[in-house]
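Everything below concerns the one structure shown next.
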Protein chains: 2
Amino acid sequence: MVNQSSAALDRTFAALADPTRRALLARLEGEVDGLSVSELARPFAISLPAVMKHLDVLGNAGLVSREKIGRTVTCRLEAAPMAEAMAWLERYSAYWNNQLDRLAAFVEAEEDDDG
Amino acid sequence: MVNQSSAALDRTFAALADPTRRALLARLEGEVDGLSVSELARPFAISLPAVMKHLDVLGNAGLVSREKIGRTVTCRLEAAPMAEAMAWLERYSAYWNNQLDRLAAFVEAEEDDDG
DNA sequence: CGATTGGTTAACCATGCTGTTAACTATCTT
DNA sequence: AAGATAGTTAACAGCATGGTTAACCAATCG
């Protein structure tokens with residue numbers, strides 16, 4: 001038995017695990033009115049079908065929506081699923097802050113030893 | 001040319017994209033002194049080698065460290081790489097808050113229409 | 001020493017991911 | 001109607017992932 005939100009988290013994290021897809025999202029972030037598939041694809045050194053597959057992954061994760069008007073498809077960023085990923089990570093933020101504090105304390109102690 | 005931190009982010013997000021691996025991390029979160037590989041694996045319905053592969057993925061992402069003492073290997077959570085993932089997501093938090101606000105406003109407007 | 005316990009490695013299988021090229025549909029332009 | 005433009009689909013290749021079983025160190029126990 002797996003949590004309901006688990007599959008959604010799977011898709012979100014998996015979608016974010018690729019640099020091309022993160023770049024696509026970053027590109028959409030600045031464009032409130034969205035971008036067409038071709039405009040979106042233009043800066044990338046891969047074929048259009050490859051970009052489409054990335055858009056499928058992002059779409060399945062709910063991170064990008066597509067609206068077809070005439071022959072052009074406008075893609076928009078849908079950032080909401082990231083909130084769930086963030087919430088999952090937040091569970092650990094206290095933990096890594098502690099670890100970073102310990103590291104900082106350790107470095108300071110070393111500096112005292114050496115200097 | 002890809003950002004230096006890009007590969008690290010790839011590994012972190014990819015490691016987090018699997019429910020078994022997230023469960024392993026969640027289990028380690030409560031254990032300050034870490035857990036042995038066998039203890040860690042016990043609750044899971046998969047073979048030990050399968051768990052080891054997950055630990056390799058987590059280890060490569062820097063999310064788990066292993067220390068061998070005698071014949072037992074102690075695994076500990078290293079949450080620090082998650083901070084980078086969080087920082088990446090934070091870029092979008094304003095965006096998804098806006099979207100959620102718009103959604104809330106829309107729902108309220110609908111309720112006014114219906115009621 | 002011999003047996004057991006903790007972990008690892010190897011070989012293999014099925015599936016999925018990322019990219020390609022080629023062909024195709026659908027819409028706009030002239 | 002013909003042609004260009006926007007996007008999609010299909011088929012394939014190569015490599016990664018996630019799991020298995022079986023065999024194999026290495027350390028502890030009796």
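Lettering of chains follows the sequences in order, A, B, ..., and the numbering in each one begins at 1.
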N/O donor-acceptor pair under 3.5 Å between B/Glu84 side chain and B/Pro81 backbone: no
Nearest-Å distance for atom pair CG/C1', residues A/Leu58 and C/dC17: 14 Å
Check ion pair A/Asp56-A/Arg66 (N to O, under 4.0 angstrom): yes
B/Thr74 and B/Glu67 side chains, donor-acceptor separation under 3.5 Å: no
Pull out every protein N or O sitting under 3.5 Å from an N or O of nucleotides 19-26 of chain D, one pair per line with the distance.
residue, atom, partner, partner atom, Å
D/dG19, OP2, B/His54, NE2, 2.2
D/dG19, N7, B/Lys53, NZ, 3.0
D/dG19, O6, B/Lys53, NZ, 2.2
D/dT20, OP1, B/Ser47, N, 3.4
D/dT20, OP2, B/Ser47, N, 2.8
D/dT20, OP2, B/Ser47, OG, 2.5

Non-hydrogen side-chain atoms of B/His54 and B/Ile46 separated by less than 4.5 Å: yes
Atom pair distance, as rounded to whole Å: CG in B/Leu35 and C1' in C/dG6: 14 Å
Residue whose nearest DNA chain C nucleotide is more 5′ - B/Met52 or A/Ile69: B/Met52
Separation of D/dA6 P from A/Glu39 CD (nearest whole Å): 9 Å
Atom pair distance, as rounded to whole Å: CG in A/Asp10 and C1' in D/dG18: 13 Å
Verdict with reasoning, A/Arg76 to A/Asp33, per salt bridge (Lys or Arg N to Asp or Glu O under 4.0 Å): CA-CA 7 Å; A/Arg76 283 191 191 79; A/Asp33 295 337; 5.9 Å; no
Protein-nucleotide distance (B/Leu55, atom CG; C/dG6, atom P), rounded to Å: 16 Å
Check: B/Glu90/B/Ser93 side-chain N/O donor and acceptor closer than 3.5 Å: no
